[in-house]
Amino acid sequence: MSLYSEWRDKLEKNKETGAEEAFFRNYLDTETEAYRKILKSGETRIGGKLSELAGAYGMDNVTFMGFLDGINSSLENQLDLESLDQDSEIELSIDLEKLYYNMLEARADWLYELEEWDGRLSAERRREIRRKFHEDHRAVRTKVGRNDPCPCGSGKKYKKCCGA
């Protein structure tokens, strides 16, 4: 069984046994410390043997797979998680702007509000990323109202043109 499958099984078992809340609280604390360490170091390229990287971030191999699952979409080259084992050599090239955006999308305020971001992305750049995130997730009204300009381009109100 792959490490990634073990991670997914671990998630399922904790959900079934009702230990999900305690499990996630513990995982999120570990994940937060890993991100603190990454941001503080300033390294965006991290490489090595999976088991050694897991140890460096205070995780067992299966938990580290959960971490990789979370950060995978923020990497310049995503990993094939199913093919990884403890002896796999991996290279993580983290795109910090994409990581910040993805943390906003995950509503992970405990991560995107870390003070360690100050040294990596300027406050202005983080505001721009947040603005882009909100722009990308804005609800758009597609219904044409009676008194709106007609979408055909005639210049008339919808009710006097195509809506008549």
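One distance of note links OG of Ser74 with CE of Met103; it measures 7.0 Å at 0.5 Å rounding. Summarising the geometry, atom OG belonging to Ser41 is positioned 6.0 Å from atom CD1 belonging to Ile46; distances are rounded to the nearest 0.5 Å. The OG1 atom of Thr63 sits 11.0 Å away from atom CG of Leu68, with the distance rounded to the nearest 0.5 Å. In this structure, His137 NE2 and Lys132 NZ are separated by 9.5 Å, a value rounded to the nearest 0.5 Å. Note: Glu6 CD to Leu11 CG = 12.0 Å, rounded to the nearest 0.5 Å. Separation of atoms CG (Leu96) and CG (Leu121) is listed at 5.5 Å; rounding is to 0.5 Å.
Under a 3.5 Å cut-off, the side chain of Tyr112 and the backbone N or O of Tyr101 do not form any donor-acceptor pair. With hydrogens and angles disregarded, a donor-acceptor distance shorter than 3.5 Å links the side chain of Asp148 to the backbone of Gly145. Side chain of Thr30 to backbone of Asn26: a donor-acceptor contact under 3.5 angstrom is found.
Among residues two or more places apart in sequence or in another chain, the salt bridge (Lys or Arg N to Asp or Glu O under 4.0 Å) test is passed with Glu52 by none.
You'll find the side chain of Cys162 stays beyond 4.5 Å of the side chain of Lys156, heavy atoms only. Looking only at side-chain heavy atoms (C-beta outward), Thr44 and Arg120 stay at 4.5 Å or farther from each other. A heavy-atom distance below 4.5 Å is not found between the side chains of Asn102 and Phe133. Between Tyr158 and Pro151 the shortest side-chain heavy-atom distance falls below 4.5 Å. Tyr4 has its side chain out of reach of Val62: every pair of non-hydrogen atoms, C-beta onward, lies at least 4.5 Å apart.
Within a 6.0 Å radius of CD in Glu82, more than 12 heavy atoms belonging to other residues, nucleotides or ligands are found. Few gaps surround NZ on Lys159; more than 12 heavy atoms of other groups in view lie less than 6.0 Å from it.
The residues Lys13 and Asp9 are annotated as not salt-bridged, no charged nitrogen and carboxylate oxygen being separated by less than 4.0 angstrom. Salt-bridge formation is detected for the pair Glu128/Arg125: a Lys NZ or Arg NE/NH1/NH2 atom is positioned less than 4.0 Å from an Asp or Glu carboxylate oxygen. Ion pairing between a basic and an acidic side chain is recognised when a charged N comes within 4.0 Å of a carboxylate O; Glu21 and Arg25 show such pairing. Salt-bridge annotation for Lys40 and Asp118: absent, with no side-chain N of the basic residue lying under 4.0 Å from a carboxylate O of the acidic one. A salt bridge links Glu124 and Arg127; the closest N-O separation between the charged side-chain nitrogens and carboxylate oxygens is under 4.0 Å.
Gly70 and Ser73 get closest at one heavy-atom pair: O-OG, 4.2 Å. Met59 and Ala34 get closest at one heavy-atom pair: CE-CB, 3.6 Å. The minimum heavy-atom distance linking Leu53 with Gly47 is given by the pair CD2-O, 3.8 Å.
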- Task: Start with the C-alpha gap between Leu75 and Leu99, add the side-chain angles, then the distance that decides, and say whether side-chain contact (heavy atoms from CB on, under 4.5 Å) holds.
- Result: CA-CA 8 Å; Leu75 300 177; Leu99 178 63; over 6 Å; no

- Tell me, with the steps shown, if Trp7 and Tyr27 meet ring pair (Phe, Tyr, Trp, His ring centres under 6.0 Å). CA-CA 12 Å; Trp7 167 250; Tyr27 171 74; 5.3 Å; yes

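Geometrically, Lys10 does not engage Phe23 in a cation-pi contact, judged by NZ or CZ lying under 6.0 Å from the ring centre and within 45° of the ring axis.
Using bins of under 30°, 30° to 60° and over 60° for the plane-to-plane angle, the ring pair Phe67/Phe64 lands in the parallel bin.
Side-chain contact, Arg130 with Tyr100: a donor N or O sits under 3.5 Å from an acceptor N or O. A donor-acceptor contact closer than 3.5 angstrom is absent between the side chains of Thr32 and Asp29.
Under the side-chain contact (heavy atoms from CB on, under 4.5 Å) test applied with Leu111, the options Glu116, Arg36, Glu31 reduce to a single match, Glu31.
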Output side-chain donor-acceptor pairs under 3.5 Å for residues 83-95, partner residues at least two apart or in another chain, one line each.
| residue | atom | partner | partner atom | Å |
| --- | --- | --- | --- | --- |
| Ser83 | OG | Asp80 | O | 2.9 |
| Ser83 | OG | Asp80 | OD2 | 3.4 |
| Asp85 | OD1 | Asp87 | N | 2.9 |
| Asp85 | OD1 | Ser88 | N | 3.0 |
| Asp85 | OD1 | Ser88 | OG | 3.1 |
| Gln86 | OE1 | Asn61 | ND2 | 3.2 |
| Ser88 | OG | Asp85 | N | 2.8 |
| Ser88 | OG | Asp85 | O | 3.2 |
| Ser93 | OG | Arg45 | NH1 | 2.3 |
| Asp95 | OD1 | Glu97 | N | 3.2 |
| Asp95 | OD1 | Lys98 | N | 3.2 |

